[in-house]
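Accompanying notes for the structure given below.
FYI, the numbering just counts along the sequence from 1.
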Amino acid sequence: MSDMNAFRDAVTAWAAGGPGGPARELAGRLSVRTVVLLEGLSDAAAVGALAARHGRDMATEGVCVLPMGGAMNVGRFSALLGPRGLGLRLTGLCDERERGYYARGWERAGAGSDGVFVCAADLEDELIRALGVDRVTELVREQGDFRALSTFLRQPAQRSRAPEQQLRRFLGTKKGRKIHYGRVLVEALGQERPPTPLDGLLSAL
């Protein structure tokens, strides 16, 4: 895993204007075949947790799960890594509102039009609907965040929102919370089928 993290870091540095040599060397040495381009760390936590549930080791399989720090960066990353760059297979997960960024990035990179799995709102919304409001609220309690949730729900702005929307908003109110719950919600799925975009992404790898 540390070697694949090194590849991810090398690609991130390359995308920021650094040299491409380290990423090229690591891609060959690690036999990287696929890169999963994700908006941020919470998506990466969820994908990693789902892969672990299925007993899969992405790094050993030559798959790099790469959070880009925002969907607007997908054009730069896909150009470096796709058919016109390192020649790696691209796949990814995005929100509906980000579909256009991915489509344009894939086109400029010379990649096929498939491989992008789209969440209706975002991944947290998909997971909340899969688990249900009661189960997610229970998980918030188990994680020691119920008092914070109760305070949040008393805010006037939350009173007109549906429970699913309230929980989704709550997960984004504190730095690191979405990352933490990306893993927690996936691990809590039990026998429930993962949300379709997440399930489709893992099946495609």
Side-chain angles (χ1 to χ4, degrees), residues 1-16 23 26-27 30 32-78 80-82 86 88-99 101-102 105-106 109 111 115-128 130-131 136 139 143 168 171-189 194-205:
M1 176 62 78
S2 60
D3 285 343
M4 191 61 78
N5 286 343
F7 172 70
R8 181 197 65 197
D9 293 343
V11 170
T12 301
W14 187 16
L26 284 166
L30 301 175
V32 180
R33 60 177 180 85
T34 300
V35 179
V36 184
L37 294 176
L38 302 172
E39 178 184 2
L41 293 170
S42 61
D43 299 324
V47 171
L50 186 63
R53 277 189 47 158
H54 287 265
R56 297 184 59 177
D57 184 334
M58 296 287 96
T60 299
E61 296 178 24
V63 177
C64 177
V65 177
L66 200 160
M68 302 177 293
M72 289 185 291
N73 295 322
V74 69
R76 186 180 311 133
F77 279 92
S78 58
L80 296 177
L81 299 169
L86 293 187
L88 304 176
R89 176 173 174 256
L90 301 177
T91 187
L93 183 76
C94 70
D95 305 344
E96 175 60 41
R97 65 181 177 272
E98 297 161 352
R99 185 198 292 260
Y101 293 123
Y102 274 73
W106 256 233
V116 180
F117 298 86
V118 182
C119 300
D122 56 23
L123 185 54
E124 289 76 25
D125 173 67
E126 296 277 358
L127 288 166
I128 289 167
L131 289 164
V136 174
L139 290 167
Q143 296 300 310
R168 178 172 163 246
L171 295 182
T173 57
K174 180 180 178 182
K175 184 177 181 180
R177 184 175 281 155
K178 285 179 69 172
I179 300 170
H180 176 69
Y181 280 94
R183 175 184 57 78
V184 168
L185 296 183
V186 167
E187 290 177 348
L189 284 169
T196 299
L198 196 56
D199 190 42
L201 174 65
L202 189 67
S203 298
L205 296 176

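- With values rounded to the nearest 0.5 angstrom, Ile179 atom CD1 is found 12.0 Å from Leu171 atom CG.
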CA sep, side-chain torsions, deciding dist, call: Leu81, Leu66, side-chain contact (heavy atoms from CB on, under 4.5 Å) = CA-CA 11 Å; Leu81 299 169; Leu66 200 160; 4.3 Å; yes
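- The two residues Phe7 and Ala27 make their nearest non-hydrogen contact at CE1-CB, 3.7 Å.
- Applying the salt bridge (Lys or Arg N to Asp or Glu O under 4.0 Å) rule to Arg97 yields the partners Asp95; only residues at least two apart in sequence or on another chain are considered.
- The side-chain heavy atoms of Pro195 and Leu127, taken from C-beta on, include a pair separated by under 4.5 Å.
- Put simply, CG on Leu38 and OG1 on Thr91 are 9.0 Å apart, with the number rounded to the nearest 0.5 Å.
- The distance from the SG atom of Cys64 to the CG atom of Leu37 is 8.5 Å, given to the nearest 0.5 Å.
- Taking each heavy atom of Tyr101 and Val74 in turn, the nearest pair found is O-CG1, 3.2 Å.
- Scored by the salt bridge (Lys or Arg N to Asp or Glu O under 4.0 Å) test, Arg183 finds Glu187 as partners (sequence neighbours excluded).
- Atom OG1 of Thr34 sits about 7.5 Å away from atom CG of Leu88, to the nearest 0.5 Å.
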Candidate pair Val11 and Val35, rule side-chain contact (heavy atoms from CB on, under 4.5 Å), full reasoning | CA-CA 11 Å; Val11 170; Val35 179; over 6 Å; no
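- With hydrogens and angles ignored, the 3.5 Å screen pairs no side-chain donor or acceptor of Arg56 with any backbone N or O of Glu61.
- Looking at heavy atoms from C-beta onward, Arg33 lies in side-chain contact with Val63 at the 4.5 angstrom threshold.
- Contact of the Pro194 side chain with the Glu126 side chain is not registered, since no non-hydrogen atoms from C-beta on lie closer than 4.5 Å.
- Of the possible polar contacts, none joining the Ser78 side chain to the Ala109 backbone as a donor-acceptor pair under 3.5 Å is found.
- Remark: Leu26 CG to Asn5 CG distance equals 11.0 Å, nearest 0.5 Å.
- A donor-acceptor pair under 3.5 Å is formed between the side chain of Asn73 and the backbone N or O of Met68.
- Taking both residues in full, the closest heavy atoms of Ala15 and Phe77 are given as CB-CZ, 3.6 Å, listed atom of the first, atom of the second, then distance.
- Atom CZ of Arg177 and atom CD of Gln143 lie 11.0 Å apart (nearest 0.5 Å).
- The shortest non-hydrogen separation linking Gly92 to Tyr102 is CA-CE2, 4.3 Å.
- Summarising the geometry of Leu93 relative to Cys119, their closest heavy-atom pair is CD1-SG, 4.0 Å, with the distance given to 0.1 Å.
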Start with the C-alpha distance between Val186 and Leu198, add both sets of side-chain angles, then the distance that settles side-chain contact (heavy atoms from CB on, under 4.5 Å), and finish with yes or no.
-> CA-CA 10 Å; Val186 167; Leu198 196 56; 4.0 Å; yes
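- Remark: Arg168 pairs with Asp122 by the salt bridge (Lys or Arg N to Asp or Glu O under 4.0 Å) rule, at least two apart or across chains.
- Residues Ala188 and Leu131 come closest through the heavy atom pair O-CD2, 3.6 Å.
- For Phe117, the CZ atom sits in a packed shell: over 12 heavy atoms of surrounding residues, nucleotides or ligands are nearer than 6.0 Å.
- With hydrogens and angles disregarded, no donor-acceptor distance shorter than 3.5 Å links the side chain of Glu39 to the backbone of Cys94.
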